[in-house]
Amino acid sequence: MLKPRPISFLTWLLSSLPDLKGSSKGFPKHETRHLSEHKNVARCARFSPDGRFVATGSADTSIKLFEVSKIKQMLLPDAKDGPVRSVVKTYYDHIQPVNDLDFHPQGTILVSGAKDQTIKFFDVSKTNAKRSYRVIQDTHNVRSVSFHPSGDFLLAGTDHAIPHLYDINTFQCYLSANVPDNSPNGAINQVRYSCTGAMYVTASKDGAIRLWDGITANCVRSITAAHGTAEATSAIFTRDQRFVLSCGKDSTIKLWEAGSGRLVKQYLGAVHTQLRCQAIFNATEEFILSIDELNNEVVIWDAMTTDIVAKWPSNHVGAPRWLEHSPVESAFISCGTDRSIRFWKEV
Amino acid sequence: MVDKYNIESAETLANQAQGLPIAEATPIYEQLLQLFPTAAKFWKQYVEAHMAVNNDDAIKQIFSRCLLNCLQVPLWRCYIRFIRKVNDKKGAEGQEETRKAFDFMLNYVGTDIASGPVWMEYISFLKSLPAVHAQEESHRMTVVRKVYQRAIITPTHHIEQLWKDYENFENSVSRQLAKGLISEYQPQYNSARAVYRERKKYFDEIDWNMLAVPPTGSQKEEMQWMAWKRLLTFEKGNPQRIDTASSNKRVIFTYEQCLMYMYHYPDIWYDYATWHAKSGSIDAAIKVFQRSLKALTDSEMLRYAYAELEESRGAIQAAKKIHENLLGDGDNATALAHIQFIRFLRRTEGVEAARKYFLDARKSPTCTYHVYVAYASVAFCLDKDPKMAHNVFEAGLKRFMHEPVYILEYADFLTRLNDDQNIRALFERALSSLPLEDSVEVWKRFVKFEQTYGDLASMLKVEQRRKEAFGEDATAASESSLQDVVSRYSFMDLWPCASNDLDNLSRQEWLTKNMNKKVEKCIMLNGTALIDKGSIPSISTVPSKVVYPDTSKMLIYDPKHNPGTGAVTSGGTNAFDEILKATPPAVVAFLANLPAVDGPTPNVDIVLSICLQSDFPTGQSGKAGIPSQLPGGPAPATSDLSGSSKSHPVQSGLANKPTGRKQYGKRKELDRQEDDDTTTVQSQPLPQDAFRIRQYQKARATSTSQTGSVSYGSALSGDLSGSTG
């Protein structure tokens, strides 16, 4: 992950002034550009921790890898040497749609989880490798993957209600020894480590957000019905791992205090009931981005005041499915059900 | 060739044909049915096209071609429709014809799960027959009753309906009699209904629209194959406990239906034939084989199976014919066909016939050294004629001097004769002419031979010569090492030293080899090396306060799922790479570091069995084989580790098809892979069973000793320390 910050801006505000209702900041204007096209719905995207690469996965089973510097070169109005190709590589190795991607925190390894019940490892430093060099065969549809900050372990969220923890050196799979309530519809939509690995969070189909201890893998808090009976579609930690931002198909985005399970903030006004919508922070954690499926817009809230500060047409045909923000700069990626990938960058 | 059986284009073609006038459609249909002779839906479409224009002769002709091979109810109903139409206006004679056709049909497809409507149609047809006298009336009643009684014990979709109809029927005839009859048949109906419910599950799994194409290995095909296998096993078990004849009829019906879809699967044909043979009807089995050869003209397996059946029942001439067919016109006959024919002739016609054929086969351009070896062994082992065998080998030697395998076979033969003079001469001759890279195995055998037959001086001399021949690279072999002594003085599984001595020796040898080299190669010992490829140095960027999972507090999840369903590989050829990818890096790194053992070789199977049984002590992690643990992280219990590393490769190896790699000719590939940047050292394909692993290592022994560039850790140390610890 990023260099650990002592405390984030958001945390500072939330902890010092819990009920502050001030004027919202403005979110800078972005330009957007069509980047590439998959052969089927683009389903997910991930930036590498250093922000140099971004990868997208698609229902056409392929994964595209982009170099961010080349994307920016492409965006320049006067590209000298003709069109710059920002796609570094396309990997065809899965046999069913790709669900999620993650980069190794230090190395140049990209992992992907797919519906074909496998997790595949790609070495992005190898220029001519088109296929994975390593595969973990899981027992379920792998819906989400997340690297431990050491890179030695990998979490997989699957149709199984309990996250699978893999030691990537032995491929041994571990499960929590104490599982609280085995929800029948507990398929995990997203699993994410906190930045030290002390905790991880899952968002599951039964609408619950669960927090798990990074050492023992026990479920330490289960926020059942965090999104009512609707699916919880995403859950991520803030960088200081004190809060969890979750998004659900009940068209709400909620900020929870990890320690107490208390609901801290709600971000309303965007409809997302169909797709596995993502609610994400921008690089500074001052803003929250998500999607309004009804109006096909990217919606941005001030994280502090919960006011909507911007609504931009997505420029996709049909609502985009996934948003992913660069961890280092003001730029993000949107993946459309119209198969296209768009890059957004502050002007 | 690949596109020949293209399903999509076949379907479009069939759709097109539907719209065309019959004269234009006919060639299209013929072409389609040439490719898919068991595609009942195409036959039906074809015949219906003719029916639309009332082309009776053509219809009859088509039916005669397809009916018996396509036991599909809709097609047969089409047939009955036609028969009824034709005989409609012909009075009693026509009715008799129709009745016969119904009987004929139910005889073939009456056991189909979907045959209910046919039974009903037949019954209503019988009921509709005019009956003038009371006698005729009662005769008709008897016939209808019989059909009902057959129908209600057949497990079809409509069995309950048929039972109700039957009850009504009996009640309408006579209330008194009905009670007795119904209670008599109730149990049989009940069991048929129970079987139907069970049977339906199997039928539901089968795709009845599939076209018969040669197996491509897709997941769907495999699922269908399994579904059919399950149905066949179910039917063979005679779940309804009916008499053997009826049960066999159902099995035959199921096999026939199965072959409509699995037309290109030799195993189904073979199973069907052997099932016939086992249940006593050899003739039927032979018919099946003959049909199978029409379906799969170039399946040698089926031909041999067929010949075997003929031979075992004493039909020598028939068997001979099949063998001769396998030989073709002689010029393009394979060496294997020659060999099998020689052996067949020896069995059935005696020494002379075999000898004669060998003399002919010798002149064939496809005759390889295999044929010589095979005939010599026939002469030696069966004819007890060592002289003849010797002559054959000697004659072959002129042709196959350059084949190391031939030399080894010849030497083996001479060893059995105890003819040490000639063996020595043979080795000398062979080694003087064989190129160095082909002579590795011959040298090995020579050394072994001298160890058994020679005196001490000749033993040492051969070993010295062998070393000189290979020009001795960095390996310590140029001066005689203690290992050579160990190798000379061990016998079978008895060793002149303890296993930890061996451990030390090989460790020392490895150290000598690596004394002057950088440690870089050792990195591969560490399973975590795979993440070190990036330019960014690891560790340093890890946040300082990273919390590590304590896996000892968790459950190990070892999914023993079926690799056939989950692990589907996209292409058949790289199935093996896929297994390797799914092997834990630590195990792969360990395998890649197994050295080529030059000297005493422990019995791999024994070592493996010891490894599998032992609990490795924790203190060993510094050595090869056990990956180093995470810095700062609590070490997981060692038993977990060994558990994971032992189960995975073995398991996956067994579950997958053998790749058919052979040891010879593997060297180049290995060298190439070592140069290839894209394949990591870990991803070299590794053999799956103990035997192959040993062969693999032998092959590696040659490659490493020649290039002299690769150095690896010691398997001896790893394996044997396992056995002592």
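Residue numbering restarts at 1 for every chain, and letters A, B, ... go by the order of the sequence lines.
In this structure, CD1 in B:Ile556 is found 9.0 Å from OG1 in A:Thr170, a value given to the nearest 0.5 Å. Interatomic distance, CD1 of A:Ile95 versus CD of B:Gln219, reported as 6.5 Å (0.5 Å rounding).
Pairing each heavy atom of A:Gln172 with each of B:Tyr557, the nearest pair is OE1-O, 4.2 Å. Annotation for B:Met554 and A:Ile215: closest pair CE-O, 3.4 Å, computed over non-hydrogen atoms. Here the shortest heavy-atom pairing between A:Pro149 and B:Val546 reads CB-CG2, 4.1 Å.
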- Mind running side chain to side chain contact (heavy atoms under 4.5 Å, CB included) on B:Thr551 and A:Phe153 for me, showing each step along the way? CA-CA 10 Å; B:Thr551 50; A:Phe153 292 88; 3.8 Å; yes
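Looking at A:His94, there are no atoms closer than 4.5 Å to chain B (heavy atoms on both sides), in backbone or side chain. For A:Leu165, the part sitting under 4.5 Å from any heavy atom of chain B is the side chain, from C-beta outward, and nothing else.
Note on ring orientation: taking the six-membered ring where Trp is involved, the planes of A:His148 and B:Tyr548 are tilted (angle from 30° to 60°).
Heavy atoms of other residues, nucleotides or ligands lying less than 6.0 angstrom from NZ of A:Lys89 number more than 12. The number of heavy-atom neighbours closer than 6.0 Å to NZ of A:Lys64, taken from other residues, nucleotides and ligands shown, is above 12.
A:Phe122 is linked by a ring-ring contact (aromatic ring centres under 6.0 Å, His included) to A:Tyr91, counting only residues two or more places apart in sequence or in another chain. A:Ser144 is linked by a side-chain hydrogen bond (donor to acceptor under 3.5 Å, both in side chains) to A:Asp100, A:Arg192, counting only residues two or more places apart in sequence or in another chain.
Side-chain contact between A:Tyr174 and B:Leu555 is absent, with no heavy-atom pair separated by less than 4.5 Å.
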